[in-house]
Chemist: 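One structure follows; several queries about it will come next.
Just so you know, these numbers use all the heavy atoms, side chains as well, and skip hydrogens, waters and symmetry mates. Worth saying up front: this structure is predicted, and the values here are computed from it rather than measured.
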Amino acid sequence: MKIPTHLKHKPVIIAENYANIDGRTAYHTDAQGLSLGLAQWNDRGKVDISAKVWRHTGGKWSRQSEELPLHRVLDLAILVCESQLHFKEAYRYDHLYDEENPVIKRIGLQGDAMTVEVCMENEQIEEDIKLFNQALSADDELIGERLRTLSQILKEMGY
């Protein structure tokens, strides 16, 4: 399925076969493509690049398609990686996290820091963190494959 080019997001680099590799929902997903392009929120004289997940209902392109600035895509990748690191050692805690200090890590970015922490406001955190850990474990092969690929690309880029 061809990603539309007549909408506000202007695709430049695309992956139109995303439905074939969309994790556990591969071949059964509405996420049909990924693109990097010119953001839909661009104003005259200002150009931002965004990443977009293109969703298709079977009949039309969905309004649930998501567009994110590239730095947010990378921030999400950082959050995934820090979560993976945390849960590799989380078995040491009775409830999979340090109840006295729910902060997992502070990561310096742009002169400040992203605080990665367990959401103590979640009233069901004891149950939800166990379910999260189980799901993370179940998807270990899918996530690991993508992290290894990302690691190889980062090395090729000199990082």
Side-chain angles (χ1 to χ4, degrees), residues 1-57 60-90 97 102-119 121-122 128-129 131-159:
M1 182 169 300
K2 294 287 183 193
I3 289 173
T5 57
H6 64 283
L7 302 174
K8 289 184 179 181
H9 172 87
K10 300 300 181 194
V12 175
I13 307 294
I14 62 172
E16 290 186 317
N17 64 337
Y18 187 70
N20 299 349
I21 60 162
D22 187 18
R24 283 191 272 141
T25 60
Y27 300 101
H28 306 286
T29 182
D30 65 344
Q32 297 295 307
L34 302 177
S35 68
L36 298 178
L38 304 181
Q40 66 185 13
W41 60 79
N42 282 334
D43 293 326
R44 203 168 191 72
K46 179 182 174 220
V47 178
D48 288 328
I49 296 174
S50 65
K52 187 155 186 165
V53 177
W54 293 91
R55 296 181 177 278
H56 197 278
T57 65
K60 64 180 181 174
W61 290 102
S62 172
R63 290 183 179 186
Q64 290 184 335
S65 296
E66 301 122 336
E67 184 176 26
L68 293 170
L70 291 186
H71 72 276
R72 288 187 191 149
V73 173
L74 295 172
D75 290 345
L76 285 169
I78 291 167
L79 191 61
V80 168
C81 291
E82 286 299 337
S83 296
Q84 285 278 93
L85 274 173
H86 170 76
F87 282 99
K88 284 182 186 258
E89 299 294 323
Y97 68 98
V103 172
I104 294 169
K105 189 167 189 180
R106 285 188 41 86
I107 303 162
L109 295 168
Q110 289 182 241
D112 203 332
M114 176 195 304
T115 302
V116 179
E117 61 188 314
V118 174
C119 181
E121 302 301 315
N122 178 346
D128 289 353
I129 199 166
L131 293 171
F132 186 95
N133 187 40
Q134 289 169 0
L136 204 56
S137 180
D139 286 346
D140 188 54
E141 186 177 336
L142 290 171
I143 295 168
E145 178 183 31
R146 285 155 171 83
L147 290 175
R148 282 188 295 282
T149 300
L150 183 57
S151 176
Q152 289 172 335
I153 294 168
L154 288 168
K155 287 176 186 167
E156 287 176 26
M157 292 173 64
Y159 292 100

Chemist: Side chains of E16 and W54: does their closest heavy-atom pair fall under 4.5 Å?
Modeler: no
Chemist: So how far is it from I104 CD1 to S83 OG, rounded to the nearest 0.5 Å?
Modeler: 6.0 Å
Chemist: The criterion is side chain to side chain contact (heavy atoms under 4.5 Å, CB included); which residues satisfy it with R106, sequence neighbours excluded?
Modeler: V103, D112, A113, T115
Chemist: S137 side chain to N133 main-chain N or O, any donor-acceptor pair under 3.5 Å?
Modeler: no
Chemist: Quick one: list whatever passes side chain to side chain contact (heavy atoms under 4.5 Å, CB included) with E89, sequence neighbours left out.
Modeler: Y91, R92
Chemist: If I compare all heavy atoms of W61 with all of K2, which pair ends up nearest, and what's the gap?
Modeler: CZ2-O, 3.1 Å
Chemist: Considering only residues two or more places apart or on different chains, which pairs with a residue in residues 138-149 satisfy side chain to side chain donor-acceptor pair (under 3.5 Å)?
Modeler: R24-D139
Chemist: Supply the atom-to-atom distance Q32 CD to M1 CE, rounded to the nearest 0.5 angstrom.
Modeler: 5.0 Å
Chemist: Can you sort out the partners of Q64 under side chain to side chain contact (heavy atoms under 4.5 Å, CB included), two or more places apart, ordered by chain and number?
Modeler: R55, S62
Chemist: Within this structure, what is the CG-CG distance for the pair L147 and L142, rounded to the nearest 0.5 Å?
Modeler: 11.0 Å
Chemist: Is the shortest side-chain heavy-atom distance between E66 and V53 below 4.5 Å?
Modeler: yes
Chemist: With a sphere of 6.0 Å drawn around CD1 of I78, does it hold more than 12 non-hydrogen atoms of other residues, nucleotides or ligands?
Modeler: yes
Chemist: Quick one: closest heavy-atom pair of A15 and I3, and the distance?
Modeler: O-CD1, 4.3 Å
Chemist: Drop me the distance from R72's CZ to L79's CG, to the nearest 0.5 angstrom.
Modeler: 14.0 Å
Chemist: Between side-chain atoms of residues 4-11 and protein atoms elsewhere (two or more places apart, or another chain), which donor-acceptor pairs fall under 3.5 Å?
Modeler:
| from | atom 1 | to | atom 2 | distance (Å) |
| --- | --- | --- | --- | --- |
| H9 | ND1 | S50 | OG | 3.1 |
| H9 | ND1 | E67 | OE2 | 2.7 |
| H9 | NE2 | S35 | OG | 2.8 |
| K10 | NZ | T5 | O | 3.4 |
| K10 | NZ | L7 | O | 2.7 |

Chemist: Taking H28's backbone N and O only, do any of them form a donor-acceptor pair with T25's side chain (distance below 3.5 Å, no angle check)?
Modeler: no
Chemist: As an exercise, state the distance from NE2 of H71 to CG of D48, rounded to the nearest 0.5 Å.
Modeler: 9.0 Å
Chemist: In terms of heavy-atom contacts, does CD1 of I13 have more than 12 from other residues, nucleotides or ligands at under 6.0 Å?
Modeler: no
Chemist: Show the numbers, then the answer: is there a side-chain contact (heavy atoms from CB on, under 4.5 Å) between D30 and H56?
Modeler: CA-CA 5 Å; D30 65 344; H56 197 278; 5.7 Å; no
Chemist: Do L34 and K52 come close enough that some side-chain heavy atom pair is under 4.5 Å?
Modeler: no
Chemist: What's the verdict on side-chain contact (heavy atoms from CB on, under 4.5 Å) for V12 and L36, showing C-alpha distance, side-chain angles and the deciding distance?
Modeler: CA-CA 6 Å; V12 175; L36 298 178; 5.9 Å; no
Chemist: Using the test ring pair (Phe, Tyr, Trp, His ring centres under 6.0 Å), find all partners of F87 that sit at least two apart in sequence or belong to another chain.
Modeler: F132
Chemist: CG/L150 to SG/C81 distance, rounded to the nearest 0.5 angstrom?
Modeler: 6.5 Å
